[in-house]
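Below you will find the structure I want to go over with you.
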Protein chains: 2
Amino acid sequence: MTSLFHYFKKYNSLSKEAEKAIAEICKVIAIKKNHELQSIGHTCKTIYFLKKGVARIYYFKEDIDITESFSFENNMVVRFESLFTGRPSKKAIQVLEDSELIAINSSELFKLYDKHHDIESLFRKIFEAALVDTVNRVESIQFHTAEERYNSLIKEAPDVLKRVPLKYIASYLGITPVSLSRIRGQK
Amino acid sequence: MTSLFHYFKKYNSLSKEAEKAIAEICKVIAIKKNHELQSIGHTCKTIYFLKKGVARIYYFKEDIDITESFSFENNMVVRFESLFTGRPSKKAIQVLEDSELIAINSSELFKLYDKHHDIESLFRKIFEAALVDTVNRVESIQFHTAEERYNSLIKEAPDVLKRVPLKYIASYLGITPVSLSRIRGQK
DNA sequence: GAAAACACTTTACATATGATAAGAAATTAC
DNA sequence: GTAATTTCTTATCATATGTAAAGTGTTTTC
């Protein structure tokens, strides 16, 4: 739980009561490598925090498995488009190593917003940061070549190569494994 | 001002005092076609609402003008990555028709969050919706062909063709004007 | 309303990525 | 530890998009 509150501190400080209230709606869970945390068609009602391990959000486009994002230690894993619309997600969350997560029940969390103004501010800021990241990702996908994106990925998250199969990295970059292999082969 | 509060109502209801407080930090401005609302290097401290007209956010990649997004009537225009980081933006906002906007001073707005809980909730929800839109845009850019993206653009915003030069639409779709012309020519 | 500037299309050629298939390397299962 | 499975690379060919340049059409300017 310490790691979660340490993560929160980067965004907003919380009163003791607020921390207690959050702790009460959290569960620690362990999942084995390659298992699914949440599946396609399920409506997201949980905000996950990765204590240990790697996760990816993925979906299928015409039978092809496509990775939308990776998450590493000390970060959130959330399918925002389902969490904030209340609609079933077309995406699933899978864990790529034996992992430990903290699961925060989002309906309970949102109920805390009125009582604990600092909790609402905290998550507002977390989601604002997620918006900034996502805007930057649009820029990176739209206007950089696959090679540029590959290079910045391994710069920003060097251990992704050791921890994530290349086929997932390829679809995350928007290319086929064959194409990624070519890019890697050039050097 | 009515149009702005009508827009707000879709997300969260506001007390009379909150509406008054927001009205006090708003300015209505008019801008002529093709003029810049905010320029590259400027740090975003204003949230714009388009009453009338069309706007785009754009930047340069190696001397090439690239459109990141369009906004039409009754929507926000914000460079989130600057607003939420406090860093100068690499992007500019330009108006593509004679336009009228409501400018909300963001520093003043953020100060209102503590006094008016309903204002914080309102903007939290607005930005959560923006996050959902941006996540969906990532999906659309990454995993659909230019032709698919062109078709869904004209389906979702049919008058974009009448109101926006094709060269801007092309870069928004992530392709050159030549390529867009080819796609359009096929039919 | 003529000249200039800008926007759009078309053509020809170059290049990056995709699809498919086959083989090599690594991992997993028993 | 061997076989089976999965992952990654390489090769070939097809296709979509990029670049450059020329031509046509439309707007703007005075």
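Each chain gets a letter, A, B and so on, in the order the sequences are listed, and its residues count up from 1.
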Taking the minimum atom-to-atom distance to the side chain of A:Val178, which one of D:dA11, D:dC8, C:dA7 wins?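 Of the options given, the side chain of A:Val178 lies nearest D:dA11.
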Nearest-angstrom distance from the residue atom CD of B:Glu147 to C1' of D:dA16: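 Result: 11 Å.
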Separation of B:Lys32 atom NZ from D:dT29 atom P, in whole Å?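 So the two atoms are 12 Å apart, to the nearest Å.
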Between C:dT10 (C1') and B:Leu166 (CG): distance, integer Å: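 Checked: the CG to C1' distance equals 15 Å.
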Out of D:dT17, C:dT17, D:dC8, which nucleotide sits closest to the side chain of A:Thr145?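 Of the candidates, C:dT17 comes closest.
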Test side-chain hydrogen bond (donor to acceptor under 3.5 Å, both in side chains) on B:Ser89 and B:Gln38 and set out the steps. CA-CA 9 Å; B:Ser89 181; B:Gln38 296 197 318; over 6 Å; no
Please report, rounded to the nearest Å, how far the C1' atom of D:dT26 is from the NZ atom of B:Lys162.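 Spelled out: NZ on B:Lys162 to C1' on D:dT26 is 18 Å.
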Does the cation-pi check pass for A:Lys125 over A:Tyr11, that is, NZ or CZ under 6.0 Å from the six-membered ring centre and within 45° of its axis?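 Judged by the rule, A:Lys125 and A:Tyr11 form no cation-pi pair.
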Quickly work out the A:Tyr150 OH to C:dA16 P distance and round it to whole Å.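 So the two atoms are 18 Å apart, to the nearest Å.
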Audit row: B:Arg149, B:Ser140, side-chain hydrogen bond (donor to acceptor under 3.5 Å, both in side chains) steps and yes/no: CA-CA 7 Å; B:Arg149 276 176 277 142; B:Ser140 116; 5.4 Å; no
From C-beta outward on B:Lys33, which listed nucleotide comes closest to its side chain: D:dT17, D:dT28, C:dT17?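 Nearest to the side-chain atoms of B:Lys33, counting from C-beta on, is D:dT28.
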Between A:Ser181 and D:dC8, does any side-chain N or O lie under 4.0 Å from OP1 or OP2?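 The answer is no; no side-chain N or O of A:Ser181 sits under 4.0 Å from OP1 or OP2.
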For the side chain of B:Thr176, counting heavy atoms from C-beta on, which of D:dT19, D:dT17, D:dA11 is nearest?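 Closest of the options to the side chain of B:Thr176: D:dT19.
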Pair B:Phe123 + B:Phe110: ring centers closer than 6.0 Å: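 Between B:Phe110 and B:Phe123, which both carry aromatic rings, the centre distance is not below 6.0 Å.
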Write down the distance between CG (B:Leu180) and C1' (D:dA16), rounded to a whole number of angstrom.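 The distance from CG of B:Leu180 to C1' of D:dA16 comes to 14 Å, rounded to the nearest Å.
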Want to settle it: does B:Tyr168 or B:Ser179 sit nearer the 5' end of DNA chain C, counting the closest nucleotide to each?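 Comparing both residues, the 5'-ward one is B:Tyr168.
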Establish, yes or no, whether the cationic atom of B:Arg56 lies under 6.0 Å from the six-membered ring centre of B:Tyr168 and within 45° of the ring axis.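 Geometry flag: set, cation within 6.0 Å and 45°.
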Between C:dT20 atom P and A:Asp63 atom CG, what is the distance in whole Å?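 So the CG-P distance, A:Asp63 to C:dT20, works out to 12 Å.
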Distance check needed: D:dT27 P versus B:Asn34 CG, whole Å only.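 Distance, rounded to whole Å: 14 Å.
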Phosphate-side-chain proximity, B:Arg182 and D:dT17, N/O vs OP1/OP2 below 4.0 Å: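 No, outside the criterion.
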